[in-house]
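Everything on this sheet refers to the single structure shown next.
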Protein chains: 2
Amino acid sequence: MSDAEQTRQKILDITADEIHHHGFQSTSLSTILNRCGISKGALYYHFSNKLELGYAVFEEVYVPMFLATWQPALSQDDPIEGLCDFFTNMCETMVCSEAVCGCPLNNLCEEMANVDEGFRLRILTMQQKLNGLIVDALSTIEHDLRPNLQLDHVAYFIVASFNGATSLSKSSRNKEIFQYVIDELCGYIRNLKK
Amino acid sequence: MSDAEQTRQKILDITADEIHHHGFQSTSLSTILNRCGISKGALYYHFSNKLELGYAVFEEVYVPMFLATWQPALSQDDPIEGLCDFFTNMCETMVCSEAVCGCPLNNLCEEMANVDEGFRLRILTMQQKLNGLIVDALSTIEHDLRPNLQLDHVAYFIVASFNGATSLSKSSRNKEIFQYVIDELCGYIRNLKK
DNA sequence: CTTGCAACAAACCGAGCGGTTGGTTATTAT
DNA sequence: ATAATAACCAACCGCTCGGTTTGTTGCAAG
């Protein structure tokens, strides 16, 4: 990787971390520059402005990270147990500091969907993609599921509950509540089967 | 009501609206002053700083509004149907602009829980109070519910799903997805019964 | 009548923000 | 050797923000 690509990647990684911790609007360019050890000229050589930097972080960091997180769970032979294992495992491995920061995608949705159309559309695309993945996974075992289920509604409900779980655990600063919600969510998911 | 109380209440109401639409940090004092038609001196006569104004809005506007919204649903003879009616009715009466703004409490939780301890504790208190209300309501019909339910977990799950529903509908800018999630949520709630 | 305080108004301040500008260095092509 | 370009630095700019200060008005008590 060339020096320039390294610099660019470093900016992306550090900015992704800053956005995850403080949100997009509260993320300061000077903080990024300090952490990267570069000057503002360097940043503006690689990105035309703060918004474009945010878009790049979303597309080049968050989206791949997001897919890499959910895909394995949904590719299992039994996506029901795949999801439950995924959620449960997340509860166990998660430390409190992570619980407090929440899901990057959900955070950006809450913060930026009403503020910037570019962010909104990118978030929407990612959400629809995730929903499609869940629907596809559930479709593969449709014969094991209760009849008359509307799989896309179910998928949205799963994601909504998961997002809500991260939201609730922010105020309590521990992962107990997260665990409670996830337990109930797993119960709901397993109840999808006949 | 005296002039001073009127001014104070006007500040609270308009600030509540601004926070609901733009979040606390992005809410500008000068916007509030313009909408109120007052000067900065007037505002700082009634509130010592922006943070205290935010706290006052939370306690004097959001908390009462919040309780007034949820209480009736939970005071029904059958809180299960009370909640379902409450959710369904919210879907029907809600216009898209409201759907986009989300729940004030959840918004503040997402934005401020990690930023300011004063907000975090106030939000936490309100969430625990709501959870207690739901648990109490469900307890009154415990004999009709499935055995071995952990009512506090159930209550958190209901709130989490509801919050997640508002979050999801922000990116799509319509209430369709909200409705899907609420439908599934009502299914889950009704399934709590034997 | 005037003194005093409640209830504001208006101008101002420093800090931090995103963004721009004019250079500087290192590498590569000719 | 020289010209050009990629990659970066440091200083600066205008703007908006929350907050402060000083000044004004109206009413009410003595």
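Just so we're on the same page: letters track the sequence lines, and every chain starts at 1. As a basis for the values below, the full set of heavy atoms in this structure was taken, side chains included, without hydrogen atoms, waters or symmetry mates.
Look at B:Glu117 and B:Arg120 and you find a salt bridge, because one of the NZ, NE, NH1 or NH2 atoms lies within 4.0 Å of a carboxylate O, short of that distance.
Rounding to whole angstrom units, NZ of residue B:Lys10 and P of C:dA7 are separated by 17 Å. When rounded to the nearest whole Å, the span between CZ of A:Phe47 and P of C:dG18 equals 15 Å. In this structure, CG of A:Leu33 is placed 12 Å from P of C:dG19, rounded to the nearest angstrom. Spacing between atom CD of A:Glu52 and atom P of C:dG18 amounts to 15 Å, rounded to whole angstrom units. Between A:Glu18 atom CD and C:dC17 atom P the separation is 11 Å, expressed in whole Å.
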*Give the B/S/- string for nucleotides 8-18 of chain D, one per nucleotide from 5' to 3', where a protein heavy atom under 4.0 Å of the base yields B, of only the sugar-phosphate yields S, and otherwise -.*
SBB------SB

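The neighbour count for A:Lys193 NZ, taken as heavy atoms of other residues, nucleotides or ligands under 6.0 Å away, is above 12.
B:Ser167 and A:Asn106 share a donor-acceptor pair across their side chains, judged by distance under 3.5 Å alone.
At distances below 3.5 Å, not a single donor-acceptor pair connects side-chain atoms of B:Lys175 with backbone N or O atoms of B:Ser169.
Atom CD1 of B:Ile189 is separated from atom SG of B:Cys84 by 4.5 Å, given to the nearest 0.5 angstrom.
Using a 30° and 60° split on the angle between ring planes, B:Phe66 and B:Trp70 fall in the tilted class, from 30° to 60°.
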